[in-house]
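Here's the structure, in structure tokens; my notes come after.
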Amino acid sequence: MVKEVERNRLQPHTTQNAPVEFHESRQELHDMLAQMILIRHFEDKVYEMYTRAKIGGYCHMNHGEEATIIGAIRPLRPQDWIISFYREHGHILARGTEPKYVMAELFGREDGVARGRGGSMHLFDASRRFLGGYGIVAGQMPLAIGVGYSTKYRDADEVTLLLTGDGAMANGASHETLNMIGIYHLPVITLIVNNLYGMGTTVERSAANPDLWKRGEMYNMWGTQVDGMDVMQVRRTMEEAMDRARHGQPSLIEAITYRYRGHSVADAARYRTPEEVQAWRGADPIERFYRQLLEAEVVTEQDRQEIERQVDATVQQAVDFADASPQPDPSGLFDYLYVNPPPTLNEPETPDA
Amino acid sequence: MVKEVERNRLQPHTTQNAPVEFHESRQELHDMLAQMILIRHFEDKVYEMYTRAKIGGYCHMNHGEEATIIGAIRPLRPQDWIISFYREHGHILARGTEPKYVMAELFGREDGVARGRGGSMHLFDASRRFLGGYGIVAGQMPLAIGVGYSTKYRDADEVTLLLTGDGAMANGASHETLNMIGIYHLPVITLIVNNLYGMGTTVERSAANPDLWKRGEMYNMWGTQVDGMDVMQVRRTMEEAMDRARHGQPSLIEAITYRYRGHSVADAARYRTPEEVQAWRGADPIERFYRQLLEAEVVTEQDRQEIERQVDATVQQAVDFADASPQPDPSGLFDYLYVNPPPTLNEPETPDA
Amino acid sequence: MPEMTYRQALHDALREEMQRDPNVFLLGEEIGIFGGSYKVTEGLIDEFGPQRVLETPISEGGIIGLATGASMTGLRPVAEIMTINFIVVGMDQLVNNAAKIPYMFGGEAKAPIVIRTPSGAGHQLASQHSQVLESWFAYVPGMYVIAPSTPADAKGLLKASIRDDNPILFVENVLLYNEKGEVPEGEHILPLGKADVKREGEDITLIAYSRAVHMALAAADALAEQGISAEVVDLRSLRPLDIETVVSSVRKTNHAIVLHEGWKRYGAGAEIAAEIQEHAFDDLDHPVERITGAEVPLPYATSLERAALPRVEDVVMRAAFILGRDKVGV
Amino acid sequence: MPEMTYRQALHDALREEMQRDPNVFLLGEEIGIFGGSYKVTEGLIDEFGPQRVLETPISEGGIIGLATGASMTGLRPVAEIMTINFIVVGMDQLVNNAAKIPYMFGGEAKAPIVIRTPSGAGHQLASQHSQVLESWFAYVPGMYVIAPSTPADAKGLLKASIRDDNPILFVENVLLYNEKGEVPEGEHILPLGKADVKREGEDITLIAYSRAVHMALAAADALAEQGISAEVVDLRSLRPLDIETVVSSVRKTNHAIVLHEGWKRYGAGAEIAAEIQEHAFDDLDHPVERITGAEVPLPYATSLERAALPRVEDVVMRAAFILGRDKVGV
Ligand SMILES: Cc1ncc(C[n+]2csc(CCOP(=O)(O)OP(=O)(O)O)c2C)c(N)n1
Ligand SMILES: Cc1ncc(C[n+]2csc(CCOP(=O)(O)OP(=O)(O)O)c2C)c(N)n1
Ligand SMILES: [Mg+2]
Ligand SMILES: [Mg+2]
């Protein structure tokens, strides 16, 4: 099922569209489509809100990457962990966190998932074992060794999904992480969301050998490449990886996808041609999945319309909620810095002031 | 000629002893043997001097690794560069630096190759393009990207030999280095002196996939493994790598060898058995090369005796020289810290002191 | 004198030095087609080609190591680290290699590199992207740490840094790139390690560097309205530290406030305060005070971010208080 | 009270905490069969097995990341970094992750890790292996930096650190492992962030931490012979910094010297001096002085190494001079 696709990376490559074998419930497939559309619309709204200065800082969006996200995150069970990076709005939404709390975080409000302290790059949801978005490229990766080791230490039935970008694979932290995961045989699945660029740098210029999945061998793990525009392919690969993880074999999955927009809201992406972007938009993961579902008669056009309607409402509610949520009070500036700090953290009084 | 040896790593493996084809001059072969013996005796003396407190600090020796050293360094031309790590006494001797200046450095004397400032881990010889020994594991590696890039930048005919240990290959710096060398197609040859241990840790426990040479593929370079107890094998491999380097292809050579003594003088090496050490000593690179040369009638027993005599004299002279060399004068404490520092480096006068 | 931005001044310095010396080359992430994260190197790849404007993968250790290794062979690399926060990933190469190579090899080697990087808070960049870390490097003997506040200084100090033979961390500031100022025409080189009195005054010395210099100047303006004459000393360099200029000023004004972005405890201001009290003890009428950012990882929310950053008002208020011109006290 | 070495005290603290709490585990390079580079963990792998005494490859970033990730899931990792010099390779994980995780996620996560590492000069370990870098981490809000000087403190503070919920850098010292001292029997826990007056005195306060405390005590002995009564304050923690105890002492003695290994400029002593002059300005009869290592990468040769390290004699001489008991002056 999973093809080791050889491709001209800058051309979208539609893998064999053999009739998809669905063994998910109708409801599940419907929800997958709905979540993909939610992520897309949510990101559209984020863009709009950024231009209206409701959102600030660095803001990286997931347009085009929805299949990698839903395919990888949907199969996870409640006890499984996720560690992500700064391009993670869709990741936390896919994990089931309510959009309004995510939007509130982007607005920098007290009701945000990190109480407004984190912002776009640092979303978090402890109850869903979503262990955060991180801003130092590859810096999130070593954390996954620890989460995976904890699972082994506690002899628990858990899998950790480690999300990373293609550019991050050039950083030393990626090497130490994968090597240690391999040495300890940890139940960690590393998904490289290979959107072909790290900012303006193609993966051919950031990796001496751009077939990133092939590194699996060197780390003693299962390495495979998957069409990241096909949600069911990603899902099946993820399911296999979860199975292997539970038997002590880690995986390295490279999902080839594309980000439709610039690296961040601020990036005009002049390092690539409009034609290239257009070509990839033509292989859109949402439309593809929708067609597959239509053909299999799992959803109807009406379903799609209903989904779009509901998603729009949800996103609008998220904005309204975020807008109504208070800014954190400056008096809370030092909250959450330390757990039970000693009184010596205060300064002594200066007699003459 | 070069075998991709599959072996039980903790057993010495004598590769096929097919009759060696020498195309070096008699003199060259004689000198190779003499240098290997020099390194061995020099290190014996270093051990003795350390126990007599003439040498201090961390002191790592090359006993057993002589074939990797002479095989890799001897083919280098004057214009070629070397970057090494803390276990480098033999490396600088092989490059032709006079033993007395090396010994003086180990004694911490003004006539040492780093004027007594560096010590055992930080030997240097600018005139021989020996760019130093470094003490942070894998920390020397990124420097080689720059030296290789400089060669390319200046369009020069130079090769850089980067020496590293097996344990160092777990560090992120090794990944960034090899990846960048691969991306830029630099004339750099990375030689992993795989002595099977990093301190007490076997390579099986420091590398998820202990076949380190296989990483060549991932870095878009020629990867190969060689019997590091056979100096001629190492030499031929090195010659091929130099040829490739001059045509823009980097190499990653893993030479399997063994350090006879502990990690440093202070290490009793209780993590391995005396039998294991004995087995490897049985595959001694000096004795093996000597037998090859005897068989090929390149040297005689008398030659060997003469070499041993000369080497002993040289080493003794080195000790005498080092002992006679002055300790650096404390007044020179700030020498070499900055090039042309501004006067503001001094403190202002305190009126009341 | 032509007016230009800090960004342009840096750009011109790079360009002029590359034209002057073929051994000067640039390297870093996205410095080519992308023009650099803050667009300082824009256009240089067109003029000098990809060999002299070398784009790298996201490997900060590799970048600094590459620069250091190349510098040991005689080249003059100028590396850009996208922001100072990312230098943490690669600082082993700077601290354990570049800063030590000349000394630990007994003068047998040099490492003339320049690492350019912006420090400081931007707008809502949050805790991993808003740090002020240059004092770490200023702690390390063997390093120089230069930090210009104006376009003229940026140009003059960057050119001097590129020509200097020591390893240099050249600290820019995220919020200064668009600041404008006059820059002398023609060859403009400034000495490294020399502080600059940016404004003369009699009553109190405000010591700052980088962006905080502008805050100090704004505070001085406000204080002038209250009849207080503040002298503003721009350190321009954290190492070498020109403490002589600072001490001379304090000996005159008898009062001092050190002002910087970043955190207070173990921050750069501690060194300045410690030195002033040591060398001008009898001249001080009041302890040296420090005004810095709050000691938290910078929060994202604007309400908190604002509360965490140092403010001009605080400088004005403390200065007035110190000079006894504030009736209310704090 | 039984006498034991600093090494043994640390060992016992680790062992007791591992016995108490099954979530406590150790990780690091060579901490198993090898027993640790400085033999602190010797024997623990036999008692607790390889799962709880986890040996790692030479991947300092991986080690600290592993610890941090595991701590977020409820475990209590204690990592050993072989020496503080190597932490530079992995410090991104400590500074940008562990120290920020609780705050930047709005209190939704904790990172209760302890990173043990020895700092300081050994004997001729040269420039890359002799650094004192803990003040870097003390600069970072979110971190604790603990640094015991005696076996009793080592045990009490390590046990407290392991039970604490904050990310902690626990700084040991290469030359203290063999130092002996009395350690209370039974459960011995000390509060984090509390300085300790190691010797009471009236005339001058000597402020130190880690190995320098022993130098301060030796200096106090020598000064006593000259009739000078020196008080020795052991900071025990650089962050939180118990400046109150320091200031109280100086308010009594009116004189202060800060003493530490490592470099002066931007070193830990700068913060102490800055705080003392701020909070005890009118009580000071003389500026706070600092005695530290010379500002060079530590040279290998014994003659130079000796010249580069701080000396007890210097403390004695300066103290005597400051108190006007030195006829010659300097
Ligand atoms: C260590 C570090 N270096 C540089 C950056 C700046 N930076 C942020 S994202 C990015 C590109 C990362 O690309 P990739 O891993 O492919 O992820 P993508 O953004 O494409 O999803 C860079 C260079 C950073 N955040 N951290
Ligand atoms: C970054 C770093 N971590 C740890 C050490 C301590 N250390 C010194 S040598 C060594 C083992 C290195 O093994 P290897 O690379 O195989 O080289 P070998 O000593 O066997 O020649 C270790 C862990 C160090 N110097 N630097
Ligand atoms: Mg990418
Ligand atoms: Mg080894």
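Below, read A as the first sequence line, B as the second, and so on, with proteins coming before strands; counting in each chain starts at 1.
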Part of [X] within contact of chain C (heavy atom distance under 4.5 Å):
X: D:Ala268; value: both
X: D:Leu238; value: both
X: D:Val140; value: both
X: D:Gln93; value: neither
X: D:Ile276; value: neither

How many angstroms lie between atom [atom1] of [X] and atom [atom2] of [Y], to the nearest 0.5 angstrom?
X: D:Asn96; Y: C:His129; atom1: CG; atom2: NE2; result: 9.0 Å
X: D:Met91; Y: C:Met91; atom1: CE; atom2: CE; result: 4.0 Å
X: C:Asp92; Y: D:Asn85; atom1: CG; atom2: CG; result: 9.5 Å
X: D:Asp282; Y: C:His286; atom1: CG; atom2: NE2; result: 9.5 Å
X: D:Gln128; Y: C:Ile101; atom1: CD; atom2: CD1; result: 8.0 Å

Aromatic rings C:Trp136 and D:Tyr139: how do their planes relate, parallel, tilted or perpendicular, breaks at 30° and 60°?
perpendicular

Which bit of [X] comes within less than 4.5 Å of chain D, counting heavy atoms only: side chain, backbone, both or neither?
X: C:Val132; result: both
X: C:Leu284; result: both
X: C:Ala126; result: neither

Under 4.5 Å, counting heavy-atom pairs only, tell me which of D:Val288, D:Val89, D:Leu298 racks up the most with chain C.
D:Val288

Using a 4.5 angstrom heavy-atom cutoff, name the option from D:Ala99, D:Pro141, D:Ala270 with the most pairs to chain C.
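Most heavy-atom pairs within the cutoff with chain C belong to D:Pro141.
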
Taking side chain as C-beta onward, heavy atoms only, is [X] less than 4.5 Å from [Y]?
X: D:Pro297; Y: C:Met104; value: no
X: D:Ser127; Y: C:Tyr103; value: no
X: C:Pro287; Y: D:Gln277; value: yes

Check D:Glu271 against C:Gly267 and note the closest heavy-atom contact, atom names and distance.
OE1-N, 4.3 Å

Please walk me through it: do D:Val296 and C:Lys100 pass side chain to side chain contact (heavy atoms under 4.5 Å, CB included)?
CA-CA 9 Å; D:Val296 291; C:Lys100 300 201 167 29; over 6 Å; no

For D:Glu275 and C:Lys264, run side chain to side chain contact (heavy atoms under 4.5 Å, CB included): C-alpha distance rounded to whole Å, both residues' side-chain angles, the deciding distance at 0.1 Å, then the answer.
CA-CA 10 Å; D:Glu275 286 286 281; C:Lys264 184 174 180 182; 4.1 Å; yes

